[in-house]
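Below you'll find the structure I mean.
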Amino acid sequence: MSPFPKVPKAIAVACIAVFATLAVAGSAPDAWGKSRKAGAQRADDFLAPMVPPAPGPAKFFTINAVLAKLDRQAKGQSDQVRLASLSPSETLSDIPAPVIQTPAIGLEPFGLFAFRAPEGALWRKWRGVEADVEKEKAVLARCETDADNCPFHAAQFTRLIKAIKTRSGRAQLDEANRGVNTAIRYVSDMTLHGEVDRWSAPLATFAAARGDCEDYAIAKYIALREAGFPIEDMRLVLVRDRSVREDHAVLAARHDGHWLIMDNRRAALIEDNDITSFTPLFAINHRGVHLFATPYAKRIMQDNETTAPAAESEDRDRNIDAKALNQSEPATSGGGFGTTPLLI
């Protein structure tokens, strides 16, 4: 007989369920505590400041070194070597760029600056003179080879060129100025040609032995050019002569860094800075027609000097031209190229 009394099966199953529940309940606090601690540790890890890794040694390289490495990797495909370069203006630098100072005094006559003038009447006149000068070159060339059949006016101009060649420096300018001034008598274009303004090439002027101010200046320009004087150092200058209230034309030639004015009204040369009555308007040479611009530093007006608005000046000049058209004989002071407004 068994020492343990028989227990019904249903009661046994119930007891086993009770014991299992108590076992699970007893272990739950430990599991919950461990889960709470793990969560807190993860939060602390997230909120803790991140410490960057210690930097490694710096690596420097050049563009040429990279290109050389790539070329070595592609060895056998090409024998060419590539190099990278920067022009000085493209060089990267933290050094401040040098400040370029604009000169207070220009390099053109009267210490001015000049820029290309827009197309207009002066351009057409100058191109016409250049075309006529090219035609006259053939006459001068024939005079060199056949002096016996050389026209008198061409022979006279040829002798002037040869006389200039025998001089040097400032003496060349003196020879050209004196030679042209004595060979030509001043006569207005209206009297000579029946026109207010005509520009003539040198041989045409010497053939007539007469001309006005720009004809003198053009003849001096071409004579000096043919004698070998640097064309970069000459300007046919159109001015407004305030002393006589006339437009005027002269030749400016640079010698030893100074601009000397060759004027049909003067036998002697005079430096540009010594002329106070000229208002320079245009400069003309082998590069074409240029407008003068006054540097800001030179815009110092005299106490008794006043300026008129641009529109008023244009109206005044148009009135002067209208009067010139009605005059049969303008003043014979040697000025007045009379093409205002000049850029129409």
Side-chain angles (χ1 to χ4, degrees), residues 117-139 151-154 156-157 180-223 235-252 262-265 278-286 288-291 313-344:
E119 291 288 335
L122 284 183
W123 276 99
R124 291 191 294 271
K125 288 179 181 296
W126 182 240
R127 290 188 179 115
V129 168
E130 289 181 316
D132 291 341
V133 168
E134 285 300 315
K135 296 175 183 177
E136 291 183 351
K137 279 185 176 181
V139 178
F152 175 79
H153 63 278
Q156 185 183 17
F157 192 66
V180 173
N181 285 357
T182 56
I184 303 172
R185 181 170 64 90
Y186 179 84
V187 175
S188 70
D189 285 331
M190 182 62 70
T191 300
L192 186 60
H193 304 292
E195 302 177 26
V196 174
D197 189 52
R198 178 190 288 188
W199 292 16
S200 301
L203 294 189
T205 300
F206 270 61
R210 294 177 295 175
D212 63 357
C213 57
E214 74 272 3
D215 299 325
Y216 284 84
I218 292 170
K220 295 170 187 177
Y221 177 87
I222 299 301
R235 306 286 189 274
L236 178 65
V237 181
L238 308 185
V239 302
R240 178 72 179 175
D241 189 346
R242 300 187 304 277
S243 64
V244 293
R245 298 183 179 181
E246 285 183 349
D247 295 332
H248 189 41
V250 297
L251 182 68
M262 306 167 65
D263 194 336
N264 63 294
R265 299 170 178 173
F278 283 0
T279 299
L281 303 175
F282 297 92
I284 304 174
N285 65 353
H286 66 290
V289 182
H290 292 77
L291 275 166
S313 299
E314 289 179 4
D315 291 340
R316 179 198 62 206
D317 291 337
R318 287 192 182 95
N319 291 334
I320 292 173
D321 283 344
K323 293 178 182 178
L325 287 171
N326 295 325
Q327 289 177 353
S328 60
E329 180 63 36
T332 58
S333 61
F337 54 85
T339 55
T340 308
L342 294 167
L343 298 178
I344 293 179

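In this chain, residues are counted from 1 in sequence order.
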Does any part of the side chain of Asp132, heavy atoms only, come nearer than 4.5 Å to the side chain of Ser200, both counted from C-beta?
no
Taking ring pair (Phe, Tyr, Trp, His ring centres under 6.0 Å) as the definition, give me every residue that meets it alongside Tyr216, ordered by chain and number, with sequence neighbours left out.
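Scan of Tyr216 (ring pair (Phe, Tyr, Trp, His ring centres under 6.0 Å), adjacent residues dropped) gives none.
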Decide yes or no for Asp263 and Phe278: does some side-chain heavy atom of the first lie under 4.5 Å from some side-chain heavy atom of the second?
yes
Check against side-chain contact (heavy atoms from CB on, under 4.5 Å), His153 and Val139
CA-CA 11 Å; His153 63 278; Val139 178; 5.5 Å; no
Output the distance between atom SG (Cys213) and atom CG (Asp189), rounded to the nearest 0.5 Å.
8.5 Å
Result for side-chain hydrogen bond (donor to acceptor under 3.5 Å, both in side chains) between Thr279 and one of Arg240, His248, Arg242 points to Arg242
In short, Trp123 meets Pro118 closest at the heavy-atom pair CD1-O, 3.1 Å
So, Asp215 side chain and Asp212 main chain: donor-acceptor pair closer than 3.5 Å or not?
yes
Checking Trp126 side chain against Asn285 main chain: does a donor-acceptor pair fall under 3.5 Å?
yes
When rounded to the nearest 0.5 angstrom, what distance separates CD in Glu130 from CH2 in Trp199?
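Reported value, rounded in 0.5 Å steps: 10.5 Å.
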Just how far is it from atom CZ of Phe157 to atom CD1 of Ile222, taken to the nearest 0.5 Å?
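Result: 7.0 Å between the selected atoms.
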Taking salt bridge (Lys or Arg N to Asp or Glu O under 4.0 Å) as the test, write out the residues that go with Arg127, two or more places apart.
Glu119
Less than 4.5 Å apart, side chain to side chain, heavy atoms only: is that true for Lys125 and Val289?
no
Got a second to check how far Leu251's CG is from Arg235's CZ, nearest 0.5 Å?
10.5 Å
Return the minimal non-hydrogen interatomic distance between Leu291 and Ala117, and the atom names on each side.
CG-CB, 3.9 Å
Can you tell if the side chain of Met190 reaches within under 4.5 Å of the side chain of Val196, non-hydrogen atoms only?
yes
To the nearest 0.5 Å, how far apart are CD in Glu214 and CG in Asp197?
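It comes to 5.0 Å.
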Can you check side-chain contact (heavy atoms from CB on, under 4.5 Å) on Thr205 and Ile218, steps first, answer last?
CA-CA 9 Å; Thr205 300; Ile218 292 170; over 6 Å; no
Under 3.5 Å donor-acceptor, Glu136 side chain and Ala204 backbone
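At least one qualifying donor-acceptor pair exists.
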NZ on Lys137 to CG on Leu203, rounded to 0.5 Å:
12.0 Å
Scan Leu238, Asn264, Val237 and name whichever one has a side-chain contact (heavy atoms from CB on, under 4.5 Å) with Val250.
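Single pass found, and it is Val237.
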side-chain contact (heavy atoms from CB on, under 4.5 Å) with Asn181: which of Met262, Arg265, Lys220?
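Output: one option passes, namely Lys220.
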